[in-house]
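Below: one structure, written as structure tokens.
Just so we're on the same page: letters track the sequence lines, and every chain starts at 1.
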Number of protein chains: 2
Amino acid sequence: MGSLEEAIKQKEFKDPYNKLVVNLLYTHSYLVSAQNGILKPFDLSPEQYNVLRILRGQNGVPTTVSSIQDRMLNKMSNASRLVDKLKAKLLIERRECPSDRRQVDIVITDKGLQVLNELQAYMEGFNNEVIKLNEEEVVMMNTLLDKLRG
Amino acid sequence: MGSLEEAIKQKEFKDPYNKLVVNLLYTHSYLVSAQNGILKPFDLSPEQYNVLRILRGQNGVPTTVSSIQDRMLNKMSNASRLVDKLKAKLLIERRECPSDRRQVDIVITDKGLQVLNELQAYMEGFNNEVIKLNEEEVVMMNTLLDKLRG
DNA sequence: CACTAATACGTGTCTATACATTTAATATCA
DNA sequence: TGATATTAAATGTATAGACACGTATTAGTG
């Protein structure tokens with residue numbers, strides 16, 4: 001696949017900033033495609049997987065829908081409907097919150113935890129196969145990404 | 001916004017690779033949201049904007065739908081339907097290809113070029129406001145992204 | 001207390017992504 | 001030539017993203 005220019009058949013970019021925008025969009029698509037390949041046999045979308053990980057990180061403490069929304073990678077996404085889908089697959093449970101009846105407490109089920117466990121081995125391999133950088137470069141890139149957003 | 005950990009309220013990551021995946025997904029969302037802010041008054045989606053730029057880069061030479069698909073940032077997207085939308089806005093034209101009647105030649109219209117021109121000023125400001133890196137860091141990041149995909 | 005604002009969640013709608021399938025035209029080759 | 005394969009584009013369907021709006025509940029204020 002090599003360079004971005006080759007991958008999208010564009011000869012050159014106006015400046016490095018312009019190339020960076022395109023490069024990030026393209027690399028995102030590259031990553032998500034690879035992630036989809038792993039998740040599809042488990043009937044999960046990348047964001048559904050992310051929500052499950054958020055809930056596992058709670059260690060059994062119930063979480064509200066809006067708290068999930070805050071932690072989601074895509075802030076414009078719709079936690080309410082994602083939660084619906086996960087509930088239909090019996091990977092999470094919804095409980096009416098007694099202290100505030102507007103809220104809904106969400107917890108991951110045993111089945112949800114089991115799916116995450118099965119996925120773990122695949123996801124570790126994913127990093128090594130898909131991200132062709134050494135650890136030093138990965139750390140550098142994390143630093144740059146954090147700085148990019150200011 | 002600062003660090004990723006703060007932005008998505010996650011205390012720590014298992015390893016830098018794991019953080020990098022999340023960081024790229026999150027930064028993508030950050031970028032696309034900002035892009036949307038610019039494009040929305042022009043009634044364009046990011047990928048529609050990208051297709052227009054691809055066509056402008058052809059300098060008047062007609063391009064087939066599948067050639068557009070190859071150059072798109074998201075290879076899994078659907079050039080056929082995007083082209084439909086752009087045609088409805090009179091930003092492109094479709095012409096039956098005489099040498100191969102399966103193909104459809106696509107060209108950008110004057111109106112399409114005009115929209116891109118109007119957008120140009122906004123997009124240049126976009127880079128400086130949204131990407132909070134100096135040029136050296138941008139070049140470094142482009143190198144790392146190209147290497148990441150191998 | 002009544003009125004208003006804010007919050008939590010759900011819904012509606014349009015567009016885009018992901019992927020399978022279909023249809024038409026062209027290429028290949030026995 | 002005729003059967004088959006390949007290619008170009010369109011279409012179908014499910015999920016997700018973007019964003020406006022609706023509804024119920026709680027908070028805040030005069």
Side-chain angles (χ1 to χ4, degrees), chain A residues 25-26 28-52 62-89 91-92 94-106, chain B residues 25-26 28-52 62-89 91-92 94-106:
Chain A
L25 299 182
Y26 183 67
H28 172 263
S29 170
Y30 164 84
L31 267 183
V32 170
S33 290
Q35 246 192 349
N36 264 324
I38 298 176
L39 293 173
K40 205 182 174 203
F42 291 84
D43 192 28
L44 286 176
S45 73
E47 201 69 81
Q48 284 176 11
Y49 170 64
N50 186 43
V51 169
L52 284 184
T63 319
T64 65
V65 173
S66 60
S67 171
I68 293 172
Q69 184 97 53
D70 285 346
R71 286 154 208 258
M72 280 171 64
L73 300 176
N74 194 318
K75 301 298 187 205
M76 290 301 133
S77 189
N78 197 319
S80 188
R81 272 187 277 235
L82 273 175
V83 161
D84 258 13
K85 296 283 162 61
L86 291 170
K87 181 178 151 63
K89 293 173 195 168
L91 302 176
I92 62 157
R94 299 168 47 130
R95 298 173 185 162
E96 219 178 70
C97 179
S99 65
D100 185 339
R101 286 190 304 164
R102 290 171 301 184
Q103 296 183 9
V104 184
D105 281 342
I106 313 291
Chain B
L25 298 182
Y26 183 68
H28 173 263
S29 171
Y30 163 85
L31 266 184
V32 169
S33 291
Q35 246 192 349
N36 264 324
I38 299 177
L39 292 173
K40 204 182 174 202
F42 291 85
D43 192 29
L44 286 175
S45 72
E47 200 70 80
Q48 284 176 11
Y49 170 64
N50 186 43
V51 169
L52 284 183
T63 318
T64 65
V65 172
S66 61
S67 170
I68 293 172
Q69 184 95 54
D70 283 346
R71 287 154 207 257
M72 280 172 64
L73 300 176
N74 194 319
K75 302 298 188 204
M76 289 303 133
S77 189
N78 196 319
S80 186
R81 274 187 276 235
L82 276 175
V83 160
D84 258 13
K85 296 283 163 61
L86 292 171
K87 180 179 152 63
K89 295 174 194 169
L91 302 177
I92 62 156
R94 300 168 43 128
R95 298 173 186 162
E96 218 177 70
C97 181
S99 64
D100 185 337
R101 286 189 306 164
R102 288 171 301 183
Q103 296 184 9
V104 183
D105 281 341
I106 313 290

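The residues A:D84 and A:R94 are annotated as salt-bridged, a charged nitrogen and a carboxylate oxygen being separated by less than 4.0 angstrom.
Ranking C:dC9, D:dT26, D:dT6 by closeness to the A:Q103 side chain, first place goes to C:dC9. Here the side chain of A:D100 is nearest to one of C:dG10, D:dT26, D:dA10, namely D:dT26.
Among the atoms of the strands shown, only primed sugar atoms or phosphate atoms (P, OP1, OP2) are found under 4.0 Å from some heavy atom of A:T64.
B:L31 places its CG atom 16 Å from the P atom of D:dG17, with the value rounded to the nearest Å. Between the P atom of C:dT17 and the CG atom of A:N74 lies a distance of 13 Å, rounded to the nearest Å. Across the protein-nucleic acid pair, B:E96 atom CD and D:dA9 atom C1' stand 12 Å apart, rounded to whole Å. Distance CG (A:N78) to P (D:dA16): 10 Å, rounded to an integer number of Å. Rounded to whole Å, the distance from CZ on A:R81 to C1' on D:dG17 is 10 Å. Distance A:D105 CG to C:dA8 P: 13 Å, rounded to the nearest Å.
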Step-by-step side chain to side chain contact (heavy atoms under 4.5 Å, CB included) determination, B:Q103 to B:V65: CA-CA 7 Å; B:Q103 296 184 9; B:V65 172; over 6 Å; no
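Side-chain atoms of A:R102 stay outside donor-acceptor range of the base of C:dG10, with no qualifying N/O pair under 3.5 Å.
Contact of the B:D105 side chain with the B:C97 side chain is registered, since non-hydrogen atoms from C-beta on lie closer than 4.5 Å.
Checked options B:N74, B:I68, B:D70; the residue passing with B:M72 is B:I68 (criterion: side chain to side chain contact (heavy atoms under 4.5 Å, CB included)).
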